[in-house]
Amino acid sequence: MKHDALIRTVTDIVGSRHCLTGERRTERFRKGFRSGEGDAILVAIPSSLVEMWRVLQAVVAADCIVILQAANTGLTEGSTPKGSYDRGVVIISTLRLDTIHVLDEGRQIVSHAGGTLFRLEKLLEAYGRQPHSVIGSSCIGASIVGGVCNNSGGSLVRRGPVYTELSLYAEKTETGELRLVNHLGIDLGDAPEEMLARLDRGDFDQTATIADLGRASDDGYASRVRDVDASTPARFNADARTLFEASGSAGKVAVFAVRLDTFSVDADTRVYYIGTNDTAALTALRRSLLSELSQLPISGEYLHRDCFDVTRRYGKDTLLMIDRWGTDRLPTFFALKGAVDAWLANTSFLPGNLADRLLQRLADLLPEALPKRIVAYREAFEHHLILKIPGHMAEDVERALGRTVGPDGWFLCDAQESKKAMLHRFAAAGAAIRYAAVQGRPREDVLALDIALRRNDAEWFEQLPDEIDRHIEKKLYYGHFLCHVLHQDYIVKAGTDVKRLKEMMLERLDARGAEYPAEHNVGHVYRAKPALAEHYRSLDPTNSFNPGIGRTSRNRFHRETCLCGDDTQPAVDGNMVCN
């Protein structure tokens, strides 16, 4: 009852259709894409930046917690509530705020809070440009701002994490004041509603933007990834170099808009499919491609044979869907499936994961999705690499392939093989979830790690000791090989203590000098390391935006709950203290 006034206020701002209350209406916003869920007073879905500001003012005035959410496609529970809080929670969904402004003939863009990578990719085609990420999270409707807030990575080896120092965001100061900060480098006026209304209308002088206010991409990444002898990873979420205001903020400020660089498209490209049973051969190839060539490759995507097999079956429908209809319908499909899953979850007489089971039954009836030469490589080789390069590098790359994997370890793909190899690798990201769903396994039985290895780590392929390996049913390894960023999904055996198993794995990664997470951010799954936790505290001193992220405090002013139950004392060096 104490939140009725807030619900009425928000309803007046966005309308009753876009102020959602009740468990069923809010479920798909409260539940994570892969895992995680919690409670919320309401979900507000504003139609303009001005409405978003007014909702934010109302929530702050009601002393509630704010969780900003775009497409809710995160893999680490970072944009949904989790556990208990000391205040009520309001989710602000930015899905309707999808305006994107193109600047300087497509060389830069300004995206509103809900602009999607998918829409941006289509918008930039006319300019011969690309966004930071393509054929990946873009296909499931991921947002541009979400990528910035999480320093998301991607498959394109030249670009590193998505990053900008140019943003428009709201912060809550230590005294509780809500303040709008304009660091876009665009003159929008002074009063918050005036500024946001002008941006809503696109009413600003594009030629008067300030060019030297800050960087709009991680333009130093190419030199970092080339340093193959460095004993640190090339990119990871807690890297202090990429933590700046909105960048890496993980929802600790309310981001209204970001300004980003775009990238030229390579008109002439080649794709090579590579196979080997010797990890040292791929290590040598990686070193050669990164350190000896005049230009970096476009991408180098790794897939292990076991992951190949699971994806071949449980990702087949995704591959065929994109191959047949393109990516245009995919965001709508994933959104519809999410809504159906939420509805079915409340229907007790139907079996669990019904949508996945039906989709898989249909997929099993469909013909083989992969070309014959790729399937033949599955039979011959354990380790697979899909390498995309500019056409002018072909001669140098083929010499490197001959020296490392040998003449029988690669082939130049034709157009169909190129497309399906890339789509197969993309489909791997959801294969473990589909496998677990069809097998009737809880999502908790899928342990997903997102790791960045040292650039000089030659032992990149994991060899687990028996004390860990005996608890695992399937191991799925895939990732961005040239960046040494690997995604490792494990289907654990029933009855396994997944939390303890994960702790053992992370201890091994710590000993290897690896960093984690590499590009999906901490969410509620990983513990934020000190530099990242301090970034969160500095952005949000009252702990009103997305508290608990990175397993930090959920309480007001970042106070920890003491063992005696007194949560009024501040934490000291991360330890709980009592009177």
Side-chain angles (χ1 to χ4, degrees), residues 2-3 6 26 29-32 35-44 55-70 72 74 76-94 145-146 149-150 169-179 237-238 243 245-246 248-255 517 520-562 565-577:
K2 66 180 180 179
H3 298 304
L6 174 61
T26 62
F29 300 91
R30 294 184 296 100
K31 195 169 187 177
S35 62
E37 63 180 302
D39 297 327
I41 301 164
L42 63 90
V43 176
V55 170
L56 198 58
Q57 286 179 306
V59 175
V60 168
D63 192 28
C64 288
I65 285 166
V66 178
I67 295 179
L68 273 293
Q69 182 186 101
N72 192 14
T76 57
E77 308 174 3
S79 59
T80 52
K82 180 69 178 287
S84 60
Y85 301 88
D86 61 352
R87 292 149 288 170
V89 174
V90 171
I91 298 171
I92 300 178
S93 170
T94 63
V145 167
C149 292
N150 290 304
Y169 63 92
E171 63 180 3
K172 188 176 178 183
T173 68
E174 196 162 359
T175 60
E177 175 193 4
L178 188 66
R179 190 167 74 99
N237 288 129
L243 302 178
E245 296 180 348
S249 62
K252 299 302 286 181
V253 291
V255 181
H520 293 155
N521 218 346
V522 288
H524 290 287
V525 172
Y526 295 92
R527 186 176 301 280
K529 293 186 176 180
L532 190 58
E534 179 54 36
H535 182 57
Y536 296 157
R537 282 191 291 269
S538 65
L539 291 174
D540 183 21
T542 66
N543 208 20
S544 298
F545 291 91
N546 210 8
I549 205 75
R551 299 187 180 178
T552 57
S553 170
R554 300 175 186 276
N555 299 328
R556 199 186 310 269
F557 292 103
H558 301 272
R559 294 187 177 105
E560 294 288 354
T561 302
C562 298
D566 179 5
D567 67 354
T568 63
Q569 299 298 316
V572 177
D573 295 330
N575 297 315
M576 291 184 288
V577 296

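By convention here, the first residue in the shown sequence is residue 1. Just so we're clear, the structure is a prediction, and the values are computed from it rather than from any experiment.
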Qualifying residues under side chain to side chain contact (heavy atoms under 4.5 Å, CB included), relative to [X], sequence neighbours excluded:
| X | result |
| --- | --- |
| Thr542 | Lys172, Asp540, Ser544, Phe557 |
| Glu245 | Ser167, Tyr169, His183 |
| Ser79 | Gln69, Asn72 |
| Ala44 | Val10, Leu42, Val55 |

Give, for atom [atom1] of [X] and atom [atom2] of [Y], the distance between the pair rounded to the nearest 0.5 Å.
| X | Y | atom1 | atom2 | result |
| --- | --- | --- | --- | --- |
| Ile65 | Ile41 | CD1 | CD1 | 9.0 Å |
| Asn237 | Asn150 | CG | CG | 7.0 Å |
| Ser249 | Glu171 | OG | CD | 11.5 Å |
| Ser553 | Glu560 | OG | CD | 4.5 Å |

Where do [X] and [Y] come nearest, in terms of heavy atoms and distance?
| X | Y | answer |
| --- | --- | --- |
| Ala170 | Phe545 | O-CZ, 4.4 Å |
| Ser93 | Phe29 | OG-CE2, 3.7 Å |
| Cys149 | Val255 | SG-CG2, 3.8 Å |
| Ala531 | Ala238 | CB-O, 4.3 Å |
| Tyr536 | Gly248 | CE2-O, 3.5 Å |
| Gly176 | Val60 | O-CG1, 4.2 Å |

Donor-acceptor contact below 3.5 Å, side chain [X] vs main chain [Y]:
| X | Y | value |
| --- | --- | --- |
| Asn546 | Gly78 | yes |
| Thr80 | Glu37 | no |
| Asp86 | Arg556 | yes |

Only one of Lys82, Lys31, Arg30 passes salt bridge (Lys or Arg N to Asp or Glu O under 4.0 Å) with Glu77; say which it is.
Lys82

Apply the test side chain to side chain contact (heavy atoms under 4.5 Å, CB included) to residues Leu68 and Val145: give CA-CA distance (whole Å), side-chain angles for both, the deciding distance (0.1 Å), then the verdict.
CA-CA 11 Å; Leu68 273 293; Val145 167; over 6 Å; no

Flag if over 12 foreign heavy atoms under 6.0 Å of CG, Asp63:
yes

Which residue pairs satisfy the salt bridge (charged side-chain N to carboxylate O under 4.0 Å, His left out) criterion with at least one member in residues 545-555, sequence neighbours excluded?
none

Decide yes or no for [X] and [Y]: does some side-chain heavy atom of the first lie under 4.5 Å from some side-chain heavy atom of the second?
| X | Y | value |
| --- | --- | --- |
| Pro517 | Val522 | yes |
| Leu56 | Ile92 | yes |
| Tyr526 | Leu532 | no |

Member of Lys252, Arg87, Arg537, Arg559 meeting the side-chain hydrogen bond (donor to acceptor under 3.5 Å, both in side chains) criterion with Asn543:
Lys252

Sequence neighbours excluded, which residues qualify as side-chain hydrogen bond (donor to acceptor under 3.5 Å, both in side chains) partners of Ser84?
none

